[in-house]
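Have a look at the structure below, then the notes.
Computed from heavy atoms alone, side chains included, the values below leave out hydrogens, waters and symmetry copies.
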Amino acid sequence: MLFAGALGTQLIAAFEPQAGFWPLAALFGLGLLVLLAGGRARGWGLWLLLGAALGLAFSARTGAQFDALTAAYGGRTVRLTATVEDVQEGYTRSTVRARLRVSEVNGEPAAFCCQCDGLPLSRAGEQVEGWFSLEAPAPADRPGRYADEVAFLAGYERRFRRLGPGPGFRAWSARLQSRLSEALCQGLEGDEAGALAAMIVGDRTRISSELNSAYRAAGLSHVLVVSGMHVTILCGVALPGMDRRKWLEQGRLLAARLPGRMGRKLHRRLGVRLARLELAPPRPARGGFHPGMVWRERIAALWPVVLAALLTGITGFTPSVLRAGAAVCIGALGVWLMAPADPLTSLALGGLWMSAFNSYAVCDIGFELSFAAVAGTLAGAELVRRRAARHPAREEDAPRRSLPVRLAARAWDAFWEAGCITLCASAATFPVLVLRGLSTSPYALLSGVAVLWLVQPMMVLGIAAALAGLAPALGPVCRACAWGAAFLVRLLNGWARMVAGWPGAELAFDTGYAALVCLGLMGLCWLAFRWRVRARIWLPALLLAAGAGIGAGLVLNRDVVRVELIGGVRTPSVVLAQNDQTVVLYRGGSSGRSAVERWLARHGQEQATLLVDLRLDPARNSQPPAQRVVTPGRFEPYTDFQTARGGIRLDLLRTSGGVGVRVTVDRWQLGAVSGDFELAGTAQVDWLLASPSAPGAFRWEEMLALGHYDWMRPDAPPAPSRLWLRPGGGTKAR
């Protein structure tokens with residue numbers, strides 16, 4: 001309850017900064033009601049109130065830090081000295097997209113991160129210097145940016161220099177990530193190399209957009225991002241249990257199957273050692289414990305911490321991996337204190353530890369999916385435990401079954417366990433996906449049961465290949481492990497591509513309606529758990545309710561036009577989406593292109609249906625992918641052009657100094673300008689899609705904007721950035 005209160009407060013403060021009073025008041029009111037209810041619920045209310053107060057303090061502290069950085073450097077062109085932490089393929093051959101950790105600004109010490117989508121060629125782990133223009137992210141984009149500690153969007157200006165290897169653990173881990181990626185992918189090509197590098201060391205530069213879309217459509221996109229699942233697999237497999245009795249028994253069974261004299265001799269020797277272990281007198285205990293065994297367990301618990309810290313550094317300190325690493329550290333602390341923490345306690349304490357330094361960490365989609373998946377996995381494990389507890393009572397008087405029947409029953413138990421855990425994990429992550437506006441796959445459950453078991457052996461083989469590839473003498477070992485990992489990845493890729501071709505592979509929902517559906521489904525799950533309803537009853541009922549809710553949502557969202565401003569404040573692009581048609585009014589900039597591509601990827605689209613480039617000097621190699629591109633800047637002055645996609649109609653006019661667009665959706669009209677666009681008269685529109693260009697050619701009633709511009713009144717209130725238009729119905733802005 002402490003973490004629930006802190007999490008809710010921080011999410012409200014991040015996503016609803018202007019209207020956060022009433023949600024916060026509702027959260028504190030809920031805590032007071034539970035506190036006043038009395039009985040055992042009083043403790044829950046107290047912890048909920050304490051968590052809300054703690055989350056409010058974390059949010060105030062983090063907000064003050066980012067506000068101070070924005071006031072000091074926002075909108076300025078400065079000389080930065082920074083370390084390149086994360087590198088992705090750029091939009092041109094001479095540039096890369098990179099996250100920079102700044103150490104100096106104009107020669108003075110500083111500490112913040114910025115994202116530069118047009119950095120001259122650099123490598124991860126290098127220290128660079130140059131002049132950059134810094135711009136604060138748009139309000140709608142800030143939670144996700146701030147979650148990655150990105151305080152500014154940086155545009156490269158001039159005087160770039162590479163200063164050599166960067167200092168510190170983060171720079172060292174970035175260089176190690178590049179080395180491990182190269183060692184792992186030597187001898188591999190194409191999608192096998194890209195998927196392996198992403199899953200093992202977090203290097204996503206080799207993944208093609210087609211493969212990324214296929215994994216998303218199959219419900220396996222979380223596999224391509226190193227998260228808590230990968231940390232758990234690494235720490236759990238790399239340190240098997242060191243029970244001597246267990247290993248001696250397993251070795252004796254193996255020796256019994258070896259032919260010849262050597263097998264009999266090994267079998268006898270292991271048996272003698274096992275007998276001596278069983279007949280050995282117990283060591284004297286002090287205070288009820290054997291000191292040697294206690295310290296051996298304590299030392300062994302440190303190794304997973306080392307592995308988690310190494311994997312966290314290699315993958316770039318993403319919030320989901322940090323959360324899992326924190327849980328591993330808490331578990332090790334429990335071993336040292338001889339009071340191991342339960343999974344829920346480790347989960348909550350890990351989240352509190354992370355949000356104490358950056359309250360926006362709870363806004364990271366990987367962080368949220370990781371928490372939800374762990375909670376769903378624990379719920380599925382509890383259902384499996386309950387079913388296993390009922391089996392002995394049913395089988396006491398049952399006659400002994402034949403071998404085929406026993407094998408079939410064992411296979412069914414394994415399938416039921418995997419399906420139950422996967423179903424609960426998928427159900428727990430579904431609210432996160434739809435509430436964050438992401439597309440989801442209806443085949444996620446089937447994919448999890450069918451191929452998710454391949455991830456564990458693939459990770460073990462991939463890690464072995466990456467580490468062996470660092471030593472030339474271990475070349476044969478590296479190639480053998482890489483071949484085995486590539487074979488398993490090939491199976492994963494094949495499944496993802498097959499499922500991506502099935503009908504309805506990706507679905508998107510309106511977030512408001514999705515919230516109601518998710519609350520209803522969670523309420524049904526809670527009632528089934530509270531009333532101990534059998535799975536054979538609640539599972540079909542839950543699937544039926546989910547199907548009805550999803551179907552109704554698709555019907556309600558049909559023909560609705562979503563209008564959204566994305567990108568930077570200086571170059572905001574406009575996305576208009578209706579059903580499967582997406583129109584983009586593109587204003588340029590590396591951050592604008594990156595924002596458009598991220599929007600398309602989040603909504604399960606590889607390219608836009610129509611892209612209108614509003615720049616007067618457009619360059620085709622810097623445009624987002626689209627089926628059709630219209631460039632009014634190349635028209636002759638005072639040329640008009642009309643086009644339509646679905647229920648979206650566009651009227652374009654090119655003047656000598658700019659481009660104007662009038663968008664018509666049913667009975668509404670929206671206006672956008674670029675450059676110095678002037679008309680003899682003024683055109684009336686319902687909504688203005690604002691940008692730095694003065695919109696003197698339009699008169700409007702309402703406005704969408706990402707920030708405040710010079711042509712606005714100084715006392716103008718903040719404008720929304722999103723709009724929903726329902727043909728024949730009403731509007732909703734946010």
Side-chain angles (χ1 to χ4, degrees), residues 88-98 115-119 135 137-138 140-141 144-145 153-156 204-205 207-214 216-217 221 437-439 506 508 561-634 641 643-646 648 650 652 659 661 663 670 672 674-675 689 691 704 706 721-722:
Q88 297 180 9
E89 183 179 359
Y91 297 123
T92 64
R93 294 182 178 180
S94 60
T95 62
V96 294
R97 292 179 291 166
Q115 178 72 28
C116 181
D117 291 331
L119 186 72
E135 177 186 354
D141 199 28
R145 294 290 189 182
L153 303 178
Y156 169 67
R204 297 179 58 85
T205 60
I207 298 180
S208 64
S209 58
E210 180 269 335
L211 182 64
N212 200 15
S213 300
R216 185 172 55 249
S221 56
L438 301 177
S439 61
E506 291 186 86
V561 177
R562 293 175 293 172
V563 185
E564 185 173 353
L565 296 184
I566 59 175
V569 177
R570 297 181 182 178
T571 56
S573 297
V574 184
V575 177
L576 302 103
Q578 182 185 43
N579 300 332
D580 56 348
Q581 304 286 333
T582 301
V583 178
V584 177
L585 306 181
Y586 181 58
R587 287 194 170 99
S590 56
S591 61
R593 174 172 178 175
S594 177
V596 171
E597 291 178 347
R598 287 201 312 271
W599 192 95
L600 293 173
R602 289 178 58 188
H603 293 80
Q605 301 179 32
E606 295 185 12
Q607 57 184 351
T609 308
L610 172 65
L611 185 137
V612 179
D613 196 332
L614 299 180
R615 297 174 295 176
L616 294 182
D617 53 348
R620 289 191 178 275
N621 58 0
S622 64
Q623 294 171 340
Q627 297 178 7
R628 184 187 178 190
V629 178
V630 177
T631 54
R634 296 178 179 173
F641 181 82
T643 184
R645 285 294 181 273
I648 304 172
L650 288 83
L652 313 175
V659 178
V661 183
V663 182
L670 303 87
S674 178
L689 309 176
S691 69
L704 299 182
L706 290 180
S721 61
R722 300 175 184 177

Are S691 and L689 packed together at the side-chain level, in the sense that at least one heavy-atom pair is separated by less than 4.5 angstrom? no
How about R598 and I566: do any of their side-chain heavy atoms sit closer than 4.5 Å? no
D117 vs Q88 side-chain heavy atoms within contact, under 4.5 Å: no
Hey, does the side chain of R97 reach the backbone of E89 with a donor-acceptor pair shorter than 3.5 angstrom? yes
What's the shortest heavy-atom distance between A138 and V569, and which atoms? CA-CG2, 4.1 Å
What residues form a side chain to side chain contact (heavy atoms under 4.5 Å, CB included) with S208, not counting sequence neighbours? D191, E210, L211
When you measure from the side chain of R145 to the backbone N and O of L153, does any donor-acceptor pair fall under 3.5 Å? no
Heavy atoms only: give me the nearest R722-L704 pair and the separation to one decimal. O-CD2, 3.8 Å
Heavy-atom distance under 4.5 Å between the side chains of L585 and L576, does that happen here? yes
For L614, does its backbone N or O pair with a side-chain atom of S674 as donor and acceptor, under 3.5 Å? yes
Answer yes or no: is there a side-chain heavy-atom contact under 4.5 Å between W599 and T582? yes
Minimum side-chain heavy-atom gap Q627-Q607 below 4.5 Å: yes
Test your reading of the model: is there a side-chain donor-acceptor pair from R587 to the backbone of P572, 3.5 Å cut-off? yes
Kindly indicate whether the side chain of E597, heavy atoms from C-beta on, has any atom under 4.5 Å from the side chain of P625. yes
Closest heavy-atom contact between G646 and Q578? C-OE1, 3.8 Å
Which heavy-atom pair separates Y156 from C116 by the least distance, and what is that distance? N-SG, 4.2 Å
I'd like to know if the side chain of Q581 reaches the main chain of T609, judged simply by a donor and an acceptor atom lying under 3.5 Å from each other, with no hydrogens or angles considered. no
